[in-house]
Every structure is written in C-alpha cells, then in structure tokens.
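See below for the structure under consideration.
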2 protein chains.
Amino acid sequence: MNHVAERAGVSLKTVSRYVNGETNIAPELGERIAAAIAELGYRRNLAAASIRPGQASRLIGLIISDLANPYYSALAAAAEQEVMAQGYVLVVSSSTDDIARYDHLVSRLVEQRVDGLIIVPPRGGHDRIDSDSLLSPAVFLDRPPLSGGADCVLADNRGGARSAIEALLNGGLRQVAFLSDSLEVFTIRERWLGYLETMACHGVDPVSLPNWTGAHSREEAKAGAIRLLQETEVEAFFTANNRATLGALEAMQETGIQRPIIGFDDFESASLIGGGISVVRQPVEEMGRAAAQMLLAKMTRETSQQQQVVLPTELVLRGSEAR
Amino acid sequence: MNHVAERAGVSLKTVSRYVNGETNIAPELGERIAAAIAELGYRRNLAAASIRPGQASRLIGLIISDLANPYYSALAAAAEQEVMAQGYVLVVSSSTDDIARYDHLVSRLVEQRVDGLIIVPPRGGHDRIDSDSLLSPAVFLDRPPLSGGADCVLADNRGGARSAIEALLNGGLRQVAFLSDSLEVFTIRERWLGYLETMACHGVDPVSLPNWTGAHSREEAKAGAIRLLQETEVEAFFTANNRATLGALEAMQETGIQRPIIGFDDFESASLIGGGISVVRQPVEEMGRAAAQMLLAKMTRETSQQQQVVLPTELVLRGSEAR
DNA sequence: CTGAAAGCGCTAACAG
DNA sequence: CTGTTAGCGCTTTCAG
C-alpha cells in the first residue's frame with residue numbers, strides 16, 4: 001500500500017480510503033491510485049486489515065458432521081449462498097462426529113477470528129465450550145447444543161417421525177420397525193421418540209432387535225434390516241435417516257422380501273426406486289439459510305434475543321408406504 | 001499476549017515462544033504462562049500471526065461449481081480431509097459456474113491470503129487470471145485451466161466415455177444417444193469426443209436432437225430424453241453426467257419406454273434403481289486427495305515441476321447396459 | 001534460555 | 001478532501 005501511495009504521489013491513507021470504497025476522494029487522485037494499483041499488481045491484504053479490533057475477518061466458520069454426506073453439504077451450500085451475498089466466505093470443516101476433532105475445530109476457527117460460527121454439534125457432545133467461550137456469535141444447526149439455551153435451527157424431527165408412523169399405521173400395518181443410526185444423535189433420538197409415541201398411541205409395541213445399537217453405515221443398516229426381515233414379524237420399516245433407508249432397500253432387494261417403507265430425509269433418486277420411495281422431507285435449504293440469516297443478524301444487532309427455530313417437515317408419499 | 005506476559009511475569013516474546021510450541025523455555029515459566037493463559041481465557045490470533053511476510057495463513061481456498069452437487073461436495077470432502085491432516089482449513093466457495101462470480105471469488109481468496117488454491121474453473125472460462133497473478137500456488141481440479149500449462153488433476157473422461165460406448169455397442173445396440181449438460185464444460189466435451197470417436201470407430205452415426213444445446217438441470221435432461229425417445233430411433237442412452245442420468249431414467253419411467261443406459265458418475269442409489277444402473281465411476285476421492293497433496297507439495301517444495309494427473313475411471317456394469 | 005526493539009499491512013483518530 | 005501519527009497482535013532480528 002505504501003508503494004502504491006508513493007507511485008500515485010498520495011499518502012498511504014488516501015490509498016486506504018480508495019480501496020475501501022470511500023467516496024471522499026478527488027477523482028483525479030482516484031485515477032492515479034487505480035493506475036498505480038494496476039501497474040504494481042497490488043492486492044490488498046484482508047488478514048492485515050482485520051486484526052484491528054472492531055474490524056471483521058469476513059469469514060464465517062461452519063462445522064458439520066461430514067461434508068461428504070449430501071444432507072450436510074446441502075445445508076452448507078444453503079448457508080454459503082446466504083452468507084456470500086453479504087460478502088462473507090465460509091470456512092467449512094467436518095467433525096466426523098468426533099468430539100476431539102470438533103473441539104479442535106472450534107479452537108481453530110476461534111483463533112482464526114471468524115466473525116461467526118454455524119455449528120452442527122457432534123453426537124454425544126459435551127457440556128463445556130458449547131456456545132460460551134466462543135468470542136464470536138454462534139448458531140447451532142440441525143442439533144441443539146447439549147447445554148441448551150442457544151440460538152438454533154432444527155427440523156421438526158419428532159413431528160416428522162409421527163407423520164410417517166401415522167401413515168404406516170393408518171394403512172393397516174402394525175409391526176413397524178425403527179431402523180437407523182445410533183440414538184446418541186439428537187435427531188435420531190427425536191425421531192425415535194416420535195416413533196415410540198405414535199406406536200404407543202395406537203396401542204402397538206415397537207419392533208426391535210435384541211442388542212441393537214444403531215447402524216453407522218449403509219452396510220450396517222442393511223445387515224440390521226436383513227435381521228429384522230428374518231428374525232421378526234416386521235411388516236414395515238421406518239428408516240430414520242438416509243443411509244438407513246438405502247440399507248433397508250438393499251436388504252429388501254437382496255432378500256426379495258418386500259415391505260412398506262418410509263424414510264427420513266428425501267434423496268435424489270427417491271422417485272426412481274421401485275415406483276417411488278416415500279419420505280419425510282426436511283426443509284434443508286431453509287434450514288441452512290435460516291441459520292445463516294440468524295447468525296448474520298446476531299452479528300450486527302447486539303440485542304437479539306435467543307431463538308429456537310423449528311422448521312416443519314413434509315411427508316412425501318410416493319407409494320412405498322403401502323407396497 | 002501482552003496481558004498474559006504481564007500476568008506470568010515474563011516477556012511478550014516468551015509467551016510467543018510458548019504458544020508456538022518452541023521448546024527452549026524453562027519448564028517453570030511454561031507453567032506460569034499456561035496458568036495465565038487459562039485464567040485470562042487468552043486465545044491467540046492466527047490472523048495477526050499471519051500478516052508477517054513468510055508466515056502462512058493456514059487457509060486453503062477451494063472453488064468448486066456447486067457445493068450442493070454431491071459430486072463436487074465429495075471432491076471437497078476428500079480435499080478437506082487431506083488438508084486438515086496438515087493443519088490447514090478449507091475456505092469453500094461455489095462459483096455456480098458463473099465467470100463473474102468466479103473472478104470475484106479468486107480475488108477474495110487471494111486477498112484473504114490463502115496459502116494455496118484448489119480450483120474447478122468455471123465453464124466457458126477465460127484466459128486471464130488463470131494460474132497467474134494468484135500469488136499463491138494453485139492446483140486445478142476436474143477441469144484444466146483454459147490457458148493450459150498448470151498443475152491439474154483430471155479424470156480420464158474420454159476413456160471413460162469410450163468404455164461406456166464400447167459396452168453398449170458390443171451389446172449389439174447401434175443408435176446410442178448422447179445426453180448431458182452443455183459442451184461448454186470441459187468434462188462434458190471430453191466425454192462427447194469419446195462418444196464420437198467410438199461411434200465413428202464402429203461405423204455408426206451419432207444420434208442427436210436438432211438444436212439441442214445441453215441440459216443444465218435434471219428437468220431439462222428429462223425433457224431431452226423424452227424428445228429422443230419420441231422423435232428418434234434411439235436404442236440406448238449414454239448420459240454424460242449425473243443429472244442427465246437421473247433425467248433420462250425419469251423420462252423412461254414416465255413414458256414407459258425402457259432403453260439400455262450407461263451414465264457417467266456413480267451415485268448413491270444406482271444399484272437400487274430398476275435392477276441396477278451401469279455407470280462410469282470417477283475416482284472422486286482420489287481426485288480430491290491428489291489435488292490436495294499436489295498443492296501441499298507445491299507449497300513446500302519450490303522446485304516442483306508442473307504436472308497433469310489423469311486418473312482412470314471404472315466401468316461398473318449393473319445390468320442396465322443391456323436392459 | 002530470555003528480552004527489547006522494530007515492523008508486518010492496515011485502519012482510526014485527529015489535524016490541516 | 002488529504003495527510004500524520006499511533007497501534008492492532010504478533011514474530012523476527014539481535015543482544016544479553
């Protein structure tokens with residue numbers, strides 16, 4: 001910047017004003033500065049600009065479970081779009097639901113002085129460092145912090161589960177099994193509660209496998225579904241996440257035993273599989289956008305109240321609920 | 001840091017040494033510093049640390065087409081994993097294949113002083129600012145820069161297309177149609193060339209729609225497929241990207257006219273649709289990892305030669321090539 | 001092993 | 001409208 005100033009024959013500060021888009025600069029000086037910048041190939045250093053207190057880094061941190069999972073990357077994409085429109089850029093990182101890694105990422109992003117944080121807390125979680133000690137505003141997404149009491153954006157997991165179970169039960173099915181990832185995950189736990197409630201409400205017992213602790217992968221879900229098909233009287237599946245749905249479908253394909261199914265989370269080719277797979281669709285884009293908007297608002301307005309936004313899910317019936 | 005030094009009764013520099021993990025510190029001072037840090041809740045400021053020349057920001061920029069597309073998010077995830085292992089964090093941004101937006105993102109990341117850049121250049125592209133004027137090392141991923149001559153990691157798009165067309169043709173099919181996104185995209189163009197070559201080699205003419213310019217979305221692909229089904233004698237589809245494959249499948253489902261098909265890009269539920277959809281699988285993880293490794297190498301070693309890595313694709317036959 | 005001084009690239013406060 | 005001065009939080013000489 002000094003070189004630019006010299007070359008343009010103005011002071012450092014005038015260059016600073018110019019690159020910051022301040023308007024009170026004589027047009028002629030502006031032109032001289034522009035020329036000097038072009039000749040010197042000058043690029044401003046945003047990192048240097050941001051170290052002064054009160055100055056922003058224009059970086060937003062995002063911690064999700066796994067960028068390779070389309071559900072989280074869709075959340076990330078929605079948040080990115082929103083944040084980018086305000087001139088921010090996203091620092092994305094995957095915790096892989098590992099607590100140590102999550103802690104490390106939080107520190108890393110705080111030390112990088114991101115202006116705000118959007119966080120999907122890891123399964124299990126822990127009470128310390130949740131929304132405190134962050135020194136920049138944070139919004140939780142998809143799952144609330146364990147300690148509660150923080151801004152967050154969630155889907156109506158329980159209600160979504162209820163709607164799915166209702167649909168199955170109303171179709172005359174009774175032995176509806178719940179299949180999914182571990183109950184350590186908030187969203188899964190909520191869906192499980194929705195399942196239990198609705199089953200109880202209709203006076204039927206939940207269908208379960210002895211010693212079953214949840215499937216972390218599609219393969220494990222498939223194995224679980226096969227056992228359900230062979231060891232129980234299962235009449236229908238409620239698969240509480242994407243991978244579980246695909247695993248169950250694979251299991252049915254492999255065993256040749258078809259059962260009605262409704263899955264949580266919509267997916268790209270749900271309408272193309274076996275006449276159409278019914279799902280509970282989460283408002284993924286809205287969720288990502290809402291979290292970003294909430295964060296942006298928090299970053300500007302001091303006074304904003306804590307809020308919990310719960311977005312409704314939508315039951316998309318494609319036929320598999322009764323086939 | 002000053003406060004910490006004061007409280008610990010040491011100099012600023014000693015604290016700096018401590019937080020940088022330098023070993024030449026008296027154990028006792030180290031303890032006093034640690035205590036002071038804890039009491040004060042001190043967090044170091046990485047942005048401030050990085051402004052000194054020769055210091056790194058530990059930020060890697062990644063520009064892709066669209067984070068919401070599972071193909072790109074898988075690339076991003078692979079790169080992230082690799083880069084994170086070396087203590088870097090990824091700044092991810094979507095160009096949406098828009099040239100103006102792409103240019104803006106490049107500047108933004110350069111001005112943020114990322115230590116390196118992994119770039120999927122936008123469709124169409126342009127000759128200026130490709131790998132030059134970047135002031136940090138860059139590696140191109142999925143598509144080479146228009147100007148050529150830069151490190152990049154690609155899939156063997158043409159070879160992959162050839163293998164798919166061979167499989168179709170060897171099955172006795174002749175009228176194989178090519179359906180996909182616009183030829184402005186490098187990868188699509190390559191696949192198109194592979195298609196043309198192989199068709200010519202077998203002495204058959206390409207099947208095409210008059211005035212067709214490519215499908216940007218699944219819906220457009222579906223519409224194109226329907227027209228092909230109704231207006232031509234198409235006997236099989238080669239769909240040159242994910243969205244085109246899904247669109248074609250939808251078209252066949254809707255019209256009830258089944259045709260053999262092979263798609264470029266594997267997808268989550270390819271084995272669950274209609275007995276299994278055959279695809280040309282790209283080594284997505286390897287590509288993301290390779291780009292990250294190449295960049296990291298470039299960032300440390302000065303002398304590294306420019307290299308182009310072309311990773312092989314794999315033809316995964318699931319039955320749809322002859323059904 | 002430790003510290004004092006200088007300065008990275010930039011912006012804020014205050015003159016002119 | 002423009003420039004001067006100070007200083008953000010840190011690291012790097014270079015002396016002890």
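Quick caveat: nothing in here was measured; it's all calculated off a predicted structure. The figures that follow rest on heavy atoms only: side chains count, while hydrogens, waters and symmetry mates do not. All chains are named by letter (A, B, ...) in the order of the sequence lines, taking the proteins before the strands, and each is independently numbered beginning at 1.
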Exercise. Side chain of B:Arg113, base of C:dG9: donor and acceptor closer than 3.5 Å?
Worked result: no
For this session: Decide yes or no, distance alone: a donor-acceptor N/O pair under 3.5 angstrom between the base of D:dG9 and the side-chain of A:Arg52.
Result: no
Which whole-number value in Å describes the distance from [X] [atom1] to [N] [atom2]?
X       : N      : atom1 : atom2 : result
A:Tyr42 : C:dG9  : OH    : P     : 10 Å
B:Leu12 : C:dA4  : CG    : C1'   : 10 Å
A:His3  : C:dG9  : NE2   : C1'   : 11 Å
A:Glu22 : D:dC1  : CD    : P     : 12 Å
B:Asn2  : D:dC8  : CG    : P     : 8 Å
A:Asn45 : D:dC8  : CG    : P     : 18 Å
A:Met1  : C:dG9  : CE    : P     : 11 Å
A:Arg58 : C:dC10 : CZ    : P     : 17 Å

For this session: Apply side chain to side chain donor-acceptor pair (under 3.5 Å) to the pair B:Arg143 and B:Ser65, showing each step before the final yes or no.
Result: CA-CA 11 Å; B:Arg143 316 172 186 168; B:Ser65 295; 3.1 Å; yes
Nearest to the side chain of [X], heavy atoms from C-beta on, is which of [options]?
X       : options               : value
A:Ser11 : C:dG3, D:dT11, D:dT4  : D:dT4
B:Ser16 : D:dT11, D:dT4, D:dG9  : D:dT11
A:Arg44 : D:dC10, C:dT11, C:dT2 : C:dT11
A:Thr14 : C:dG9, D:dT2, C:dT2   : D:dT2
A:Ile51 : D:dC10, D:dG9, C:dC10 : D:dG9
A:Lys13 : C:dT2, C:dT11, C:dG9  : C:dT11
B:Ala26 : C:dC10, C:dC1, C:dC8  : C:dC1
B:Ala48 : C:dC10, C:dT2, D:dC10 : D:dC10
A:Leu29 : D:dT2, C:dT11, D:dG9  : D:dT2

Exercise. How far apart are the C-alpha atoms of B:Ser57 and B:Gln112, what are their side-chain angles, what is the distance that settles it, and do they pass the side chain to side chain donor-acceptor pair (under 3.5 Å) test?
Worked result: CA-CA 9 Å; B:Ser57 63; B:Gln112 195 78 50; over 6 Å; no
Exercise. Can B:Gln308 and B:Asp151 be counted as having a side-chain donor-acceptor contact under 3.5 angstrom?
Worked result: no
Exercise. Going by atom types only, do A:Asn241 and A:Tyr71 share a side-chain donor-acceptor pair under 3.5 Å?
Worked result: no
For this session: Decide yes or no on salt bridge (Lys or Arg N to Asp or Glu O under 4.0 Å) for A:Asp115 and A:Arg58, but give the supporting numbers first.
Result: CA-CA 6 Å; A:Asp115 294 334; A:Arg58 311 243 93 190; 5.1 Å; no
For this session: For A:Tyr18, report the nucleic acid contact type (base, sugar-phosphate, nothing); a contact means any heavy atom under 4.0 Å.
Result: nothing
Problem set entry | Residue-phosphate contact under 4.0 Å: A:Asn20 side-chain N/O, C:dT11 OP1/OP2 | yes
Seminar exercise, completed: Closest to the 5' end of DNA chain C, once B:Gly9 and A:Pro53 are matched to their nearest nucleotides, is B:Gly9
